Each structure stands twice: as C-alpha cells, then as structure tokens.
Amino acid sequence: MRHKNILVLGGSGFIGSALVGKLSGQGRRVRVATRRYEDGRHLILLPTVDLVETDINQPGALEALVHGADAVVNLVGVLHGGRGKPYGPGFAQAHVEIPRMLVDAARAAGVRRVLHVSALGVSDADPAGLPSMYLRSKAAGEQVIRGARDIDWTIFRPSLAFGDRDRFTRLFARMAKYLPIIPVARGDAAIQPVWVGDIARAIAKSIDASWANGRCFELAGPEVATLGEVVEASARWSGRPRLVWNLPDDIGRLQATALEFAPGPTLMTRDNFDTLGVPNVASGPMAPELDIEPIAMSGVVPDYLVEDDDVYIPRRAKAGR
Ligand SMILES: NC(=O)c1ccc[n+]([C@@H]2O[C@H](COP(=O)([O-])OP(=O)(O)OC[C@H]3O[C@@H](n4cnc5c(N)ncnc54)[C@H](OP(=O)(O)O)[C@@H]3O)[C@@H](O)[C@H]2O)c1
C-alpha cells in the first residue's frame, strides 16, 4: 500500500529534515509540525511540504494534524529533560506522553501506520535497569508504541547520527580550534555512528513495507569506534589534529556536572554521561530488507568539516541560514 500523506513530528530537527527531504523527493505530501515556524523554515522550499506551526502538547493539536494522514513518523526527542525518577518531566513529555497522545490521536482518526524513532542503547529488557533517564524514557515510549496492537508500528533505534548539521562532529571540530588537547568524558565509550541519510532512507523505505510492521530496526554505521577516536578524527578532518585525553570516569562525571550547570546552551549533562555507560553498538548488521550499505564517517564528515568556520559561518549568516 502506498502511503501518500505523511505527518512528521519532529520534522524540523536534524534527522527529521533529512527524512522530510527524502519523502518529498519520493513525491509524497509531507506535513511537518513545529513549535516555531522559524525552526522549520529551511523546509518550506521543498515541494509537497506543508510546515505547520503548532504545539502538539496542547489538547486537540495532534488530532487536527493527524486528520487526513496515511502514516505518521514520530521523531520527537530531547537530550536534556530535567531530573526526576524514573526520568525528568521533559523526558516524560517528549518521549512518553507524546507517543501516548499520538497513538490515541491516530486511533481516533483511523490512521494505522506509525513509525517511531527511539535510540540504540534501549533494550527489550526491563527499562528500570537502564542507566539514564534518556534511555529509560525512550524505553517507556517504545512500550507505548508496542502496546498499540491495532496500529501497524515500526520502531527504529539509531546510533549517534552524523551529517552536516549534526551536533557532535562540528562541536569537536570547534573544540579543536581552541584547545591544544581535548578532554573527553566517557572517551572509551563504544559507539557506531550512522549517517543521517541512511536513517532517512531506512524510515522512508519502511513506510509502505508490510515486512516492517511490528518490527524494531537498529540503525548503525559500518564501524565501531570509541568516542575518543571519533573526537580525534573530527579534529583531524577539520584540519586541526589534536591529542585527545580520555578522562577517568570520576573526573568525566565532574566535567559533565560542570557543563550541565554552565550558562549558555547545554553541551553535556550527568544524564548524557550515564547514557554513554551503555555501548551504543548494534547487535548485528543492518536488516537486509532495508537494503542499505551504511556509509562510514570518513566518507562524509571530512567534506563538511573542512570548511573553515571563519569563512563558513559568516557566509551562512549573510545568506540568512
Ligand atoms: N541525533 C542523534 O544522534 C540521535 C541518535 C539516536 C536517537 N535519536 C532520536 O532521533 C530523533 C530525532 O533526533 P534529532 O537529532 O533529529 O533531534 P533534534 O534535531 O533535536 O530535533 C528534535 C525535534 O523534536 C521536536 N521536539 C522536541 N521536544 C519537543 C516537545 N516537547 N514537543 C514537541 N516537539 C518537540 C522538535 O520540534 P520543534 O520544531 O517543535 O522544536 C525537533 O523538531 C529523536 O527522537 C532522538 O532521540 C537521535
């Protein structure tokens, strides 16, 4: 069955933008919900994309959006959600409440197809055993989706996603600009970064596929590395090779605490530190049905990191991007 009208929640974000571009390229009509029109402005030039400013947390908003959709993709997620047990209020709202409201709204509107983006590191075992609020809330969100027996659901668990506009390789490149040695908390954490374009392909490919119903797909790249190795490579690819100092865990946690309370945009929290305590590695290769040969970081990242920020950022600002 061809699902023509797709509602994308979280479509203004990093992965969402790649997905919306892909879906539009396939000729589907895409409705993207954002709380700030400005944040999704880069999508409005895409043909067949309808950007709607609305707050899906408000009563009735999701019902209105879901109306007329053939399928919904949920990419809503936060990295920082306050503290609490088993998770802070921001995590509860974004990762658990929104899936719950989405299932209810889809059911009421007769929309059967829901694709939900979770995270690698969430396991099918008891969520209470997971070490961070991020992972516990993501696990609870998955349970909400899996419990919707009248919905044809698919869950995706991506590893750390890279690509132009990602929030980590550019950060490491920027750190290399100012620091002779880069101190990294959880530098020995195992990760398997996946290209944002491969995530978008996997989701787009699954929308119409009956083989994807009721399944959970891990999405990871071709290489397992440590976080420290990725920091080192990002610095090198940006043209500023640096030594990386993998902090011992007690100092790393202290660094995470300091960054959590530092003014300005939050770079890291204690919860992010705890999330990295679980290997972010897939249990096997990508599912063959997805038909994706995942791209390595070295095939993509050097191309965009090599642009000098001193030239690139002012140029973007001048172009209003
Ligand atoms: N990026 C990664 O490396 C990675 C790895 C594993 C899993 N994931 C998961 O993949 C999904 C997309 O990640 P991303 O990196 O693309 O995230 P992102 O760039 O931060 O975008 C997040 C999106 O979620 C929406 N959102 C956040 N909180 C919301 C709330 N309370 N109510 C309504 N909308 C809210 C935002 O919409 P507005 O436009 O309204 O602000 C935004 O479009 C998330 O679920 C994330 O947990 C990401």
Side-chain angles (χ1 to χ4, degrees), residues 7-22 30-44 51-58 61-62 65 72-82 87-102 105 115-122 132-142 144-145 155-171 191-200 202-203 216-221 227 230 265-266 271-272 275-276 278 280-282 297 301:
L7 169 65
V8 182
L9 307 177
S12 66
F14 169 51
I15 298 175
S17 298
L19 175 67
V20 169
K22 184 99 196 152
V30 190
R31 187 180 290 175
V32 178
T34 178
R35 288 164 299 174
R36 271 173 38 97
Y37 193 84
E38 210 41 37
D39 292 346
R41 205 162 56 99
H42 57 286
L43 299 172
I44 59 177
L51 182 67
V52 183
E53 185 176 80
T54 181
D55 183 354
I56 58 173
N57 301 282
Q58 295 303 318
L62 261 174
L65 281 168
V72 185
V73 183
N74 176 31
L75 292 127
V76 170
V78 290
L79 276 173
H80 315 301
Y87 30 76
F91 291 118
Q93 184 62 27
H95 295 167
V96 193
E97 253 331 286
I98 285 178
R100 207 187 307 279
M101 292 191 296
L102 170 59
L115 301 98
H116 174 79
V117 178
S118 180
L120 202 61
V122 172
S132 71
M133 297 185 287
Y134 174 82
L135 290 173
R136 286 193 291 274
S137 57
K138 279 285 191 188
E142 281 195 14
V144 169
I145 300 292
I155 292 172
F156 300 89
R157 290 178 178 167
S159 183
L160 198 59
F162 63 88
D164 202 356
R165 292 187 80 223
D166 76 37
R167 55 169 77 84
F168 73 106
T169 54
R170 280 195 187 279
L171 171 70
I191 54 176
Q192 199 171 351
V194 57
W195 182 46
V196 66
D198 286 335
I199 301 177
I203 299 173
C216 175
F217 295 107
E218 294 179 332
L219 303 177
L227 181 61
V230 170
T266 308
D271 196 62
N272 299 151
T275 298
L276 285 165
V278 174
N280 211 256
V281 175
M297 289 189 83
V301 183

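Numbering of ligands and ligand atoms starts at 1, following listing order. The model shown is predicted, which means the values in this text are computed figures rather than measured ones.
Near Ile56, meaning under 4.0 Å from one of its heavy atoms, ligand 1 places the atoms 33 (C). Residue contact check: Val76 has heavy atoms under 4.0 Å from atoms 24 (O), 26 (N), 27 (C), 28 (N), 29 (C), 34 (N), 35 (C), 45 (O) of ligand 1. Which parts of ligand 1 touch Thr34 is read off a 4.0 Å heavy-atom cut-off, strictly below it: atoms 38 (P), 39 (O), 40 (O). Near Leu160, with a cut-off below 4.0 Å to any heavy atom, the atoms of ligand 1 are 3 (O).
Between His95 and Val78, the shortest heavy-atom distance links the atoms NE2-N, 3.0 Å.
For the ligand labelled ligand 1, residue Tyr134 lies inside the 4.0 Å heavy-atom shell. The closest approach between a heavy atom of Lys138 and any atom of ligand 1 is below 4.0 Å. Using a non-hydrogen distance threshold of 4.0 Å, Arg167 registers as a contact of ligand 1. The shortest heavy-atom distance from Leu79 to ligand 1 is not under 4.0 Å. The closest approach between a heavy atom of Ser159 and any atom of ligand 1 is below 4.0 Å.
The closest protein non-hydrogen atom to atom 13 (O) of ligand 1 is Ile15 CD1, 3.9 Å. For atom 41 (O) of ligand 1, the nearest protein heavy atom (residue, atom name, distance) is Arg35 NH2, 2.9 Å. The single protein non-hydrogen atom nearest to atom 43 (O) of ligand 1 is Ser12 OG, 2.7 Å, given as residue, atom name and distance. In terms of protein heavy-atom proximity, atom 21 (O) of ligand 1 is nearest to Gly13 CA, 3.4 Å. Protein heavy atom nearest atom 32 (N) of ligand 1, with residue, atom name and distance: Asn57 ND2, 3.0 Å. What sits closest to atom 6 (C) of ligand 1 on the protein, heavy atoms only, is Pro158 O, 3.3 Å.
Residue Glu38 is tested with Arg41, Arg36, Arg35 for a salt bridge (Lys or Arg N to Asp or Glu O under 4.0 Å); the sole match is Arg41.
Across Leu75, Leu51, Val78, heavy-atom proximity to atom 12 (C) of ligand 1 is greatest for Leu75. The option from Val117, Asn74, Leu62 that lies nearest to atom 10 (O) of ligand 1, judged by heavy atoms, is Val117. Of the candidates Gly77, Ser118, Gly40, the one placing a heavy atom closest to atom 9 (C) of ligand 1 is Ser118.
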